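Below you'll find the structure, written out as structure tokens, and then a few comments.
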Amino acid sequence: MKVKSTATLLALVTALSIPQFASATSKNAMTMLNGANQMNSEQQDAATMLRGKAGDNQTLITMADTMSGNARANQEAVKALADSRKITLNAYKKDTAASDEMSKLNGAKFNSAFFAKSVRDQKGAIEAYTTARHSFRNDRDMQLYIDQTLPILKANLAMTENLQHHSAQGSSQNPANNRTSMK
């Protein structure tokens, strides 16, 4: 009799805790996907600004195009995952103060500030996705999304750090406008 009562109690506790677990997982997915949505929009804005400030610097143009393409592809994955879970993504909240500050800069000053912000943001994104990976260890779809996104984030960081390093060493670009210097 005691075994039957214990089994019934265990079944009841399990049944009551599953909806709370599912709700917590759903809420975490909503938070994660909305964060990714915001990140993708910020990356699109940053890529647009970079392209506008790149002058004829093909390296910066390529970086801007790569950032934009990666953000678009990631956004498609975020939207598909959100739609499959019936999660409505929040509207993009642009950081106008930071954008205004960056837009005032040109040439080498812009490059330096842009690379520093990009490296900081990309390291933060990698840390957030790595942490989230542990939170979603029982959610196959979120794990797959994170596992496919992390290598791209790491590649973007490596590209940015490489360009930051080479930019600091100087180039044939006019530091005032990112245009090829006439010598």
Side-chain angles (χ1 to χ4, degrees), residues 19 21-103 110-111 113-164 167 178:
F21 176 74
S23 175
T25 300
S26 176
K27 192 170 199 157
N28 287 342
M30 183 174 68
T31 301
M32 173 73 183
L33 294 173
N34 273 300
N37 179 51
Q38 178 74 20
M39 176 191 75
N40 290 328
S41 295
E42 288 171 358
Q43 283 292 304
Q44 287 285 18
D45 280 356
T48 299
M49 182 179 290
L50 178 60
R51 195 137 199 347
K53 300 275 188 172
D56 64 357
N57 186 324
Q58 288 302 305
T59 304
L60 296 182
I61 291 169
T62 300
M63 180 180 181
D65 291 347
T66 301
M67 287 172 59
S68 181
N70 287 345
R72 257 193 323 274
N74 191 281
Q75 186 60 24
E76 288 175 18
V78 168
K79 178 126 178 52
L81 200 48
D83 288 349
S84 74
R85 292 165 182 247
K86 297 181 179 22
I87 294 172
T88 302
L89 297 173
N90 297 333
Y92 171 47
K93 296 176 186 158
K94 185 174 184 167
D95 182 354
T96 53
S99 180
D100 290 348
E101 282 299 312
M102 291 291 285
S103 68
F110 170 79
N111 297 353
F114 183 86
F115 289 140
K117 183 178 182 337
S118 290
V119 166
R120 186 176 57 249
D121 291 350
Q122 290 168 5
K123 284 181 178 180
I126 291 168
E127 184 177 321
Y129 274 74
T130 302
T131 300
R133 189 175 193 292
H134 300 295
S135 301
F136 293 105
R137 64 181 163 266
N138 295 321
D139 186 330
R140 191 173 150 301
D141 292 334
M142 290 297 289
Q143 278 281 301
L144 181 62
Y145 165 70
I146 292 168
D147 287 347
Q148 290 177 341
T149 302
L150 269 170
I152 295 165
L153 292 173
K154 290 175 181 177
N156 286 345
L157 175 61
M159 174 181 65
T160 305
E161 288 177 328
N162 184 39
L163 291 174
Q164 182 181 38
S167 175
N178 279 331

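Please read these numbers as outputs of a predicted model, since none were measured by experiment.
The shortest non-hydrogen separation linking Gly55 to Ile61 is O-CD1, 3.7 Å. Contact between Leu150 and Thr130 at its shortest, heavy atoms only, is CD2-OG1, 3.8 Å. Summarising the geometry of Met67 relative to Ala46, their closest heavy-atom pair is CE-CB, 3.8 Å, with the distance given to 0.1 Å. In plain terms, the two heavy atoms of Ala91 and Gln38 that are nearest each other are O-OE1, 4.4 Å. Residues Leu89 and Val78 share a closest heavy-atom pair of CD1-CG1, 4.0 Å. For the residue pair Tyr129 and Ile146, the shortest heavy atom distance occurs at O-CG2, 3.6 Å.
Separating the CG atom in Leu157 from the CD1 atom in Ile152 is a distance of 14.0 Å, to the nearest 0.5 Å. In this structure, the separation between NZ on Lys93 and OG on Ser41 is 12.0 Å, given to the nearest 0.5 Å. Taking CG of Leu163 as the reference point, atom CG of Asn111 lies at 9.5 Å (rounded to 0.5 Å). With values rounded to the nearest 0.5 angstrom, Lys94 atom NZ is found 10.5 Å from Glu42 atom CD. We find the CE-CD distance between Met39 and Gln122 to be 9.5 Å, quoted to the nearest 0.5 Å.
Under the ring-ring contact (aromatic ring centres under 6.0 Å, His included) criterion, Phe115 pairs with no residue at all, not counting sequence neighbours. Taking the side chain to side chain donor-acceptor pair (under 3.5 Å) definition, one finds that Asp45 meets it with Tyr92, sequence neighbours left out. Checked against salt bridge (charged side-chain N to carboxylate O under 4.0 Å, His left out), Lys154 has no partners two or more places apart in sequence or in another chain. Take Ser68 and apply the side chain to side chain donor-acceptor pair (under 3.5 Å) test, not counting sequence neighbours, and it matches Gln44, Arg72. Every residue two or more places apart in sequence or in another chain was checked for a salt bridge (charged side-chain N to carboxylate O under 4.0 Å, His left out) with Asp95, and none qualifies.
A heavy-atom distance below 4.5 Å is not found between the side chains of Leu81 and Met32. Taking the side chain as every heavy atom from C-beta outward, Lys117 and Arg120 approach each other to under 4.5 Å. For the pair Asp139/Arg85, a side-chain contact is recorded, criterion being any heavy-atom separation below 4.5 Å from C-beta on. Residues Phe114 and Thr160 have side chains not in contact (no heavy-atom distance under 4.5 Å, counting atoms from C-beta outward). The shortest distance between side-chain heavy atoms of Asn70 and Gln43 does not fall below 4.5 Å. With contacts defined as side-chain heavy-atom distances shorter than 4.5 Å, the pair Met159/Asn156 qualifies.
Checking Leu60, Thr66, Thr59 one by one against Thr62, the side chain to side chain contact (heavy atoms under 4.5 Å, CB included) holds for a single residue, Thr66.
Listed for the Asn40 side chain is a donor-acceptor partner under 3.5 Å among the backbone atoms of Ala36. Between the side chain of Asn37 and the backbone N or O of Asn90, at least one donor-acceptor pair lies under 3.5 Å. Lys53 places a side-chain N or O within 3.5 Å of a backbone atom of Ser103 that can act as its donor or acceptor partner.
Note on residues 122-138: pairs passing salt bridge (charged side-chain N to carboxylate O under 4.0 Å, His left out), not counting sequence neighbours, are Lys123-Glu161, Arg133-Asp147.
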Item to check | From CA spacing to verdict: side chain to side chain contact (heavy atoms under 4.5 Å, CB included), Leu33, Met142 | outcome: CA-CA 9 Å; Leu33 294 173; Met142 290 297 289; 4.3 Å; yes
